[in-house]
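Small disclaimer: the values here were computed from a predicted structure and weren't measured.
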Amino acid sequence: MTHRNHHEREFEAFLAGEESELARLYRRLPQSEPDPKLDAAVLAMARAAVEPQRMNALRHAKDKHRRPLWVVGLSSAAGVVLAAGLAWQMRGAFNESLPSASNPASPAAARSEREVIPISAIVPPPEPATAETAAIPPPALSVPMPPPAPAAAPAQPAPMAEAARSAPRAAKATPHKREVELAAASADKKDQAPRFETTQPQEPPAAAPAREALADAATDSASNRADGERDLARSTAAPGSSGARPQAFPATAPTDYNSVERKAAIASGTRRDDYGLDAEAGSTDPRVQQEQRARQSRQVTHDKGTGGNGLAAKPASRTVAADAAPAPVLQETAPAPAAASTPASTVATGDADKSAETELQRNARLAPDEWIKKIRELLRAGRRADAIKNVELLRERHPDHVLPDDLRTLHP
Amino acid sequence: MLAYGRGDAHAFEALYTRHRGTLYRFLLRHCRERASADELFQETWSRVIVARERYRPEAKFTTWLLQIAHNLAIDLMRRNRPQAGSEETELIFRQLDAPEAERPERVLSEFEQRRRLQLALEDLPDEQRTAFVLRMENGLGLEEIAEVTGAGQETVKSRLRYAFAKIRARFAE
């Protein structure tokens, strides 16, 4: 029983891992280990097993630092597209240069055409330019601007271009209902008409009156807006107005404005180069009436100087006939020296206008030097507006006369 | 082992260095001959390498390693039955290195004691010997031995009890 208990205690100590004679003896047993060759074989086997995995890991680590494949592909595609676009552009330029190479005189023209294209695209189109382009069949916008054809060369290109340039400025200076309407009207035509205003061979004459009305309205104050409205109403009602531009220019209109009679009248000063402002003859606008009276006075003066015959007689008489309704003809034929010498006596506004108009008509008959003296007197009297009108008329009547410096500032 | 499963060969080297001796001795004790022990040793590590990605740290690596070695040793013993005789056991003991720097009588006594212990282990049934070696060589407890051998803890304890009694009886002779 005691032996059995002792054996059981040793077994419990063995299970508990306590130090015992048996454990000590077991540790004395030979500590056999594998052969080094066996170690090398096992380690080589282990390395060989993980080598592909390690290579994949290294490749994966490198791929992390590498650019994504889609970026490379996208960059390549973009490069191809860019190269194709450049080749296409170069091909187009080469095709354009081919005919010019065959013609030795054409390279400059071709180069100028290529240079003109971006200019026409950048310059904002003048809003009223739609009427002038309506008479021209719209060419394709991609086609280079053709050189001005001699047959279509305008009779007066410079004034036309100047009027075309001044019209947008005037329209821009007066943010007005009329401007909005003109802009809307021009926007309707913008898609159909090319914008080659610098090379337009001919400008329809009806556009100039409308632009002049715009320019006048630009200088007027807000009180003159009603006048502008009436001008617009007249311009839209009259043939050649912006509201009816496609039908505004009859086939005979350019020949009328380029007629010898008209040019002679303009050159002689008996007629303003108003391009159809005569249609305003029946206007009730006081300003227009005043201008018309001035025109009548000039006509009377010219009639007296020329004896009422000659080439200028016809348009002058036509102007007088158109202005026959008001009374200025009677006034100019019956001068009122008292009113001219004492302008302060005119108390009522209507009387003042009449007297100033009469005085203007009277001064217009004077010699330039005398007229200038009168103008200076007006300035000294504080009547600057009247002095300006006299200067304008003096310039119109005597364009060859040198205007003194003190009056030159009055002339716009 | 997890590091080696991710491809770290150096982790395997560290693991191998730590367990190579105990595994080899376990197999040598189990097989009683070096050739079979070498074969089983290499086969055990080969199984470990192949199963590296399937390893889950649900138990100690030692337990998992010995479990593989034990299964291979069982398969080898089943192929090689009957077990080696006393002559082979004597040959194994002669091949084992004896401790040096010991007095001759002490050496003789120690050698005799180790010889008796070795003979006692050889006489043990395989299950009892395996359990005894796992306990003495690898320091496994009842639960771990049961896990390696696939037996219950009480069975393992009974095997250990019988193994311990037989060895004590051999020393008492």
Side-chain angles (χ1 to χ4, degrees), chain A residues 1-69 72, chain B residues 4-13 15-17 20-25 27-29 34 37-39 41-42 44-46 48-50 52-53 92-93 95-99 110-111 113-114 116-118 120-121 132-133 135-137 139 141-142 157 160-161 163-165 167-169 171:
Chain A
M1 195 68 178
T2 307
H3 178 72
R4 192 172 183 174
N5 290 339
H6 178 70
H7 185 76
E8 191 66 26
R9 282 196 300 271
E10 285 186 346
F11 179 69
E12 291 296 332
F14 167 74
L15 289 180
E18 294 177 0
E19 186 62 25
S20 63
E21 184 66 22
L22 185 60
R24 187 189 58 80
L25 186 63
Y26 188 88
R27 283 196 297 273
R28 294 283 177 91
L29 291 178
Q31 302 295 313
S32 304
E33 288 188 348
D35 193 73
K37 293 181 181 179
L38 188 60
D39 292 340
V42 171
L43 291 175
M45 183 173 56
R47 291 192 197 99
V50 297
E51 188 64 20
Q53 188 176 353
R54 191 175 66 87
M55 295 302 293
N56 289 335
L58 290 175
R59 205 174 301 125
H60 186 66
K62 289 179 181 178
D63 289 343
K64 283 183 178 178
H65 300 288
R66 202 176 298 164
R67 290 178 180 174
L69 194 61
V72 178
Chain B
Y4 177 65
R6 291 190 294 268
D8 188 0
H10 298 286
F12 179 84
E13 291 176 5
L15 199 65
Y16 179 80
T17 303
R20 57 186 284 273
T22 54
L23 175 66
Y24 186 79
R25 284 189 292 272
L27 292 173
L28 188 61
R29 305 275 187 271
R34 272 193 174 267
D38 291 349
E39 181 184 352
F41 182 84
Q42 190 168 355
T44 300
W45 285 112
S46 175
V48 169
I49 291 167
V50 171
R52 64 186 183 280
E53 295 178 350
I92 292 172
F93 270 92
Q95 292 173 350
L96 293 178
D97 296 333
E110 288 283 337
F111 178 76
Q113 289 179 351
R114 291 198 307 273
R116 289 182 179 180
L117 177 60
Q118 187 65 33
L121 288 175
F132 185 84
V133 171
R135 177 72 190 93
M136 298 298 292
E137 180 68 36
L142 292 177
K157 187 176 181 180
L160 286 176
R161 183 186 301 275
F164 186 78
I167 291 172
R168 290 292 301 173
F171 274 97

Hey, could you give me the CG/CD distance between A/Asp39 and B/Glu13, rounded to the nearest 0.5 Å? 11.0 Å
So which atom in A/Glu33 and which in B/Arg34 form the shortest heavy-atom distance, rounded to 0.1 Å? O-NH1, 3.6 Å
Measuring heavy-atom distances to chain B, does A/Glu10 have an atom under 4.5 Å in its side chain, in its backbone, in both, or in neither? both
About how many Å separate CG of B/Leu160 and CG of A/Leu15, when rounded to the nearest 0.5 Å? 6.0 Å
Contact check, side chains of A/Pro34 and B/Trp45, non-hydrogen atoms, under 4.5 Å: no
Between B/Arg52 and A/Val50, does the side chain to side chain contact (heavy atoms under 4.5 Å, CB included) criterion hold? Intermediate values first, please. CA-CA 10 Å; B/Arg52 64 186 183 280; A/Val50 297; 3.6 Å; yes
Mark yes or no for whether B/Tyr4, through its side chain, and A/Ala46, through its backbone, hold a donor-acceptor pair below 3.5 Å. yes
Please evaluate residues B/Phe132 and A/Leu22 with respect to the criterion side chain to side chain contact (heavy atoms under 4.5 Å, CB included), reporting the C-alpha separation (whole Å), side-chain torsions for both, the decisive distance (0.1 Å), and the verdict. CA-CA 11 Å; B/Phe132 185 84; A/Leu22 185 60; 3.7 Å; yes
So which part of B/Phe41 gets closer than 4.5 Å to some heavy atom of chain A, the side chain, the backbone, both or neither? side chain
How long is the straight-line distance from NZ of B/Lys157 back to CZ of A/Phe11, given to the nearest 0.5 Å? 6.5 Å
In terms of heavy-atom pairs under 4.5 Å, which option from B/Asp8, B/Thr22, B/Leu27, B/Ile49 contacts chain A the most? B/Ile49
Going from CG on B/Leu117 to CG on A/Leu25, what distance comes out if it is rounded to the nearest 0.5 angstrom? 5.0 Å
For chain A, which of B/Gln42, B/His10, B/Arg135 has the most heavy-atom pairs under 4.5 Å? B/Arg135
Using every non-hydrogen atom in the two residues, find where A/Arg47 and B/Ala9 come nearest and quote the distance to one decimal. CG-CB, 4.1 Å
Cationic tip of B/Arg29 within the cone over A/Tyr26's six-membered ring, i.e. under 6.0 Å and within 45° of the normal? yes
Region of B/Ala37 that comes under 4.5 Å of a non-hydrogen atom in chain A: neither
Name the region of B/Leu23, side chain, backbone, both or neither, that has any atom closer than 4.5 Å to a heavy atom of chain A. neither
Among the listed options B/Gly21, B/Gly139, B/Ser46, B/Gly141, the residue most often paired with chain A at heavy-atom distances under 4.5 Å: B/Ser46
